[in-house]
Each structure stands twice: as C-alpha cells, then as structure tokens.
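Everything on this sheet refers to the single structure shown next.
As the structure is a prediction and not an experimental result, all values here were calculated from the model. In what follows, chains carry the letters A, B, and so on, assigned in the order in which the sequence lines appear, proteins first and then strands, with residues in each chain numbered from 1.
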2 protein chains.
Amino acid sequence: MERPLIEEIHDRIDEFTSTERKAAYALLANYPVQGLDTVANFAKAAGVSSPTILRFVARLGFPGFADFQGRLRKELASQLNTPLARSSELQQVPPDNMDPLVAQMVDNVRETFAHLPKGELEGVIRLLADEKRTIHLIGGRFTDALARYTAAHLRIVRPNVIHVAGQQGNWFDQLLGVGSKDVIVVFDIRRYQTEIIRFAETAAAQGASVVLVTDSWMSPVGRIASFVLPARVAVPSPWDSSTALMAIAEVLIAGVSAANPERSQKRMQALEDLRNGHDPSKGGETMPDGE
Amino acid sequence: MERPLIEEIHDRIDEFTSTERKAAYALLANYPVQGLDTVANFAKAAGVSSPTILRFVARLGFPGFADFQGRLRKELASQLNTPLARSSELQQVPPDNMDPLVAQMVDNVRETFAHLPKGELEGVIRLLADEKRTIHLIGGRFTDALARYTAAHLRIVRPNVIHVAGQQGNWFDQLLGVGSKDVIVVFDIRRYQTEIIRFAETAAAQGASVVLVTDSWMSPVGRIASFVLPARVAVPSPWDSSTALMAIAEVLIAGVSAANPERSQKRMQALEDLRNGHDPSKGGETMPDGE
DNA sequence: ACAATTCTGTAACAAAAAATACAACAGTTA
DNA sequence: TAACTGTTGTATTTTTTGTTACAGAATTGT
C-alpha cells in the first residue's frame, strides 16, 4: 500500500491554511476515528466549518469525503489485521539483547526527529533566540520538570526567561502584561490539564506566540499554537516516556545557544564570575528551586 | 465502558435470523471497519439486503445505524489510545539526514544501557520498590528537574517518596532521622555541587543507601554510593545532554511499577478517584469521541 | 492606506444514505 | 393443502449528509 496517510498529513502540515491545520490536528489527535465520523462532527471537533473539512480532504487529493473515508477504512483494516506482525516489529531494532523498553525509547527519539517538520524547529529556535521577547515556560504534572529544565538552561544564554510554577492560582498573575512580545512554551502530554490549556489560550488571546511540545498531536493547545513539536511517547510500560521530549528540549537549548554564540558565551562567563565572586567555595545562591 | 460489542455479538449469535447471522459474520470478519462503511456496502459485503443490516443493528439494541457506528467509533478510539496499540503506528525510517546532535543523543541512550551493569539496574529497582524504605531524591542545578520528574512518578506507585528541594539550608533538616531504612537517589553530573555531595555523604554516614545517577566522569559521590548508574552525556554542543539520564529514570520508574503491579494499579486507581472527587469540573466538549 | 488576493463561514442545494412500507416467500402446523 | 408466522428483498419515502455558490473577513503586497 501507499504510505500511511497520517505521515503524509504530518509532513505536509505546512501546506495547509490555518483552519485546515486545525482540521489536521483534530484528525491526528484521534486518528483515524475522527475522520470516520460525519463532516459536521469532524468540523465541530476541529472548531471549524464543514467546508473547511471538505477543502482539507480535497487538498489531500481526494475527490470527495467518501473517498477519504474509504482510504481511512482501508488503512485501518490492514493495520488491524496484522497486530502481531506489527508488534514483533518493535523487537527487531536491537541487534543485541536490548531491553525492549530501552529499544523503544531509542526509537522514539529517532522517530520524533525524523518526523519533525524542519521549518518548525527552526522557527521555534528563532523565536526563542530573540531576546526582545520574554519566554514563559509551563508544564503539566510530569512535564513541569521539563519546563524547569529548559528554563534553567535558557536563562543562562539569554535574558527574560520565566518558569511558570507554583500555585496554579498565581499563574494568571503572570499573564498581566503579556502580549505579542511574549512567547509561551507549553509542555503538555496526555491527560491534558485544563488549567494549562486555559493559560495558553489566554496568552494567545492577548497576542502571545505559543509553542507546544506534546505527544502525538493530541493536545487541545495545538489549536491555538503557532508552533507544534510532537514527540513519540509510547513505550511498553504503563507510563508514557518523556525521553523524546527531553531530547527536543535539548535541541532547542542547543539551537538557541548556537543562534547567538557570542551572547551565550558572554553570559556564561559573566555568570561564572558572579558565582565565583559571590561564593568561591560553596554554591551558596538560590538553587534549583529559585523561582 | 460497557463490554465490547464484538463479544456481545458472539454470545448472541443464536438469536439472529439466518441472514442477520450473515451480517454478523461479515462484521466479525472485518471487525469494526465493516460496520463503519455505509449500510449498502455492508449489505453487499454480507450478501444480504440493506434492511437486513438495519434489522441486525436494531436487534442489537441500537435506535439507528448512526448510533451503532458511534459505538464502534467510541470503542475503536479507546482501543487505539492505549499506549501499546499506538506503538504499532511506529515504523522504521532510515537514519539518513539526521542532525548530528540528535544522532549523538540517540547513541548516548543506546550506549548508556549497553554499558550499564545488568545487576546494578536490578539492584536499584529492588531497592526502590521496597516500600518499607523512604526514598529521597535530589539533584543539581539542572538535574534537579530529573529528581522532580522521578519523584512525581514514584510517588504514584509507592508511598514515602520525598523530593529534596527548596532552600539548601533546609536540606539538612530532612536528614534528621535518616538511617539504614532510607534510600537517597542523587542525580549529579559534572560541575558537581558541593552541597549535594555533603548531603549524600552525611546520609551515607547515617547508614542510608545511596544511589547515584551520574555522567561517566563519576561524581565524588560515587565513592560512598551503594549503586552507581553512569550515563553518556557528551554531545556536540556547549551543554551536556540529560537525555540518557532521563532514559535511566524512566527505566527505573517502569521497573518499580512492574516490580509490584498490583500495588501500582491500586494506588493509581485510588489517586484517580481522589482526583475526580476533588475536581468535578469536566471539560468535556471539544472531542466528542475522545475520553 | 488601499487594492488584490486568499481564506473562511453561512446558507442554499443536490446527492446519498437511512428508514419504512409492503408484498413475496419459506417454513411450520392443523 | 391451507392458513399462519416469521423472514426477506424491492421499491419508496424521508432524513441526513456532502457539496457548492457566494459574500464577508482577513491577509498580503504595493
């Protein structure tokens, strides 16, 4: 068969108009089930009108919605008919006796970057490297650690980096004065927290750019995000894996450092001096939790 | 959710008339997919007429064909969303034009586990799975995020998990009463922070077991640690990479969950209930088929 | 700031699919 | 064999759904 439609949509995401992209994300978020519903329901789920759905499938090259659904059914049928063949595919990767969990994590990182739209990464890095903008980072129950990690690094290479943490009630205080010069970076995977979604939406409404790092295109934040970086998180374990998310974070950090090497160098040096001057023997200043 | 429709059809196969049975078999042969097509196509595939299909779904208890399809979609969606099912979407892509940074990170993860002494991992997991012990997690400037992440997960599957955070001055308060029944997990990479070292050393002196997750440079903590898990952190960037550390953390988390599945399951369920009881706000609208 | 172009939703329309009515048929019983 | 009961398909109606036309909104370029 031809290559999976989901991959094509993912790779061609840039060709779509903004509302068509909403349709694409809605479909990817619940693939392929969302596409097997009626046009009207699909439209409602995506937050767009019916004609937009039709234009979306037309741009994908289908003469009509029925043909599109036919393709989805065909893919689904062939996928469901070879469940065991597929799952054994997972263990083919390790040449040696590698833990399947580890093998999958390695694969997730590779696959994540193989499918990241190239322009998407560059766009985000350009945004984050712009020091005239203020960066706000926020994450969910587990992914907050990633937001913190990224903030700790970005803070070193550029000014105006804020990690949104602590009491949820206080989050919205931080939205005061947020506007088109601000960037919100959201780490959000399944079990999306409504507070985070509201935070991102409010910020977007005030004109801020939203960058979303998420699992396979599912977060509702995707609708209002300027950039979406989807990562593979599935592993043979009750948990989702954040390893690929961490890899994305590090690529962003490296990219921002490289985007302006002199500035990064200078700031690192200055911080080094400050640290030594303040306290040569003990690392006595505010520590990891210094918010 | 109610029990799967496919089961019900199986059990009630005798209730159907002979042509309805044809419909049932056509559906079972291509399980949910055949039912997501139009009535006419379904009928043709089953070799019966359209009204027979309608009578078949009516006998199953659905008011109309649309409701029947809705049920199929709902089941399908929940089935496809389990992590393991989603992993079948994965497929290998040749590592052609990969960013060197990403390539190195992928390699780091693989190499890290290739060189981890097997018994070491198992020993740590056994230690962390023992709920009679109290786990204290601590990290450095950047790696504190990993300590936090690990703590957030462990806390769910077992009791007595503490993330040592906040003001450094308060750290040592937590050492009161720490003894041979405690485990200290230290995340520490180059630029080892003296405070963390002292913390670990003190705990060890009081009889606690120390687990160290570190880079290959081997933190000074290594001398007093019961277990050392070294990770590859070098990447072509001014920073060290924590991706392999994250991978280690996740393997530990998965291991502890798997070491005592019933306990993990029970605690997760209890937390779920608690969460629902606490937070009745259901944001259910955007994705009709999800949840 | 204006014009041209592209995008997007509302609303009307056409196509299709689902639902129904009904007659023919098969099997069973008297 | 005749009458009854339950089953099935054809033909028709009704409803839903997909599609298209068009006008307003938004965006882009000059």
Report task. Specify whether F68(B) and F42(B) have parallel, tilted or perpendicular ring planes, treating 30° as the upper limit for parallel and 60° as the lower limit for perpendicular. Result -> parallel

Query raised in the report: Nucleotide by nucleotide, 5' to 3', does protein get under 4.0 Å of the base (B), only the sugar-phosphate (S), or neither (-) in nucleotides 12-17 of chain C, counting heavy atoms?
Result: -----S

Are there any protein N/O atoms within less than 3.5 Å of an N/O atom in nucleotides 4-8 of chain D, and if so, which ones and at what distance?
residue, atom, partner, partner atom, Å
dT8(D), OP1, S18(B), OG, 2.8
dT8(D), OP1, T19(B), N, 2.9
dT8(D), OP1, T19(B), OG1, 2.8
dT8(D), OP2, T17(B), OG1, 2.3
dT8(D), OP2, T19(B), OG1, 2.8
dT8(D), O5', T19(B), OG1, 3.0

Distance, rounded to the nearest Å, where [X] contributes [atom1] and [N] contributes [atom2]:
{"X": "F16(A)", "N": "dT27(D)", "atom1": "CZ", "atom2": "P", "result": "20 Å"}
{"X": "K44(B)", "N": "dA18(C)", "atom1": "NZ", "atom2": "P", "result": "13 Å"}
{"X": "R21(A)", "N": "dT6(C)", "atom1": "CZ", "atom2": "P", "result": "17 Å"}
{"X": "F42(B)", "N": "dG9(D)", "atom1": "CZ", "atom2": "P", "result": "14 Å"}
{"X": "I53(A)", "N": "dT17(D)", "atom1": "CD1", "atom2": "P", "result": "15 Å"}
{"X": "L54(B)", "N": "dT15(D)", "atom1": "CG", "atom2": "C1'", "result": "13 Å"}
{"X": "F62(B)", "N": "dA19(C)", "atom1": "CZ", "atom2": "P", "result": "12 Å"}

Query raised in the report: Within the distance-only criterion (no hydrogens, no angle test), does the side chain of T38(A) pair as donor or acceptor with the backbone N or O of N41(A) below 3.5 angstrom?
Result: yes

Report task. Measure from the side-chain N and O atoms of S242(A) to the backbone N and O of L245(A), and report whether any donor-acceptor pair falls under 3.5 Å. Result -> no

Query - Side-chain heavy-atom pair H153(A), E250(A) within 4.5 angstrom cut-off - result: no

Requested in this report: Taking atom types as modelled, find out whether Q104(A) and N108(A) have a side-chain donor-acceptor pair closer than 3.5 angstrom.
Outcome: yes

Query raised in the report: Would you call E75(B)-R71(B) a salt bridge at under 4.0 Å N-O?
Result: yes

Report task. Report the C-alpha distance between R59(B) and E15(B) in whole Å, list the side-chain angles of each, state the deciding distance to 0.1 Å, and finish with yes or no for salt bridge (Lys or Arg N to Asp or Glu O under 4.0 Å). Result -> CA-CA 9 Å; R59(B) 195 181 299 268; E15(B) 296 178 23; over 6 Å; no

**Report entry** Closest non-hydrogen atom pair between G35(A) and L27(A), with its separation
**Finding:** N-CD1, 3.5 Å

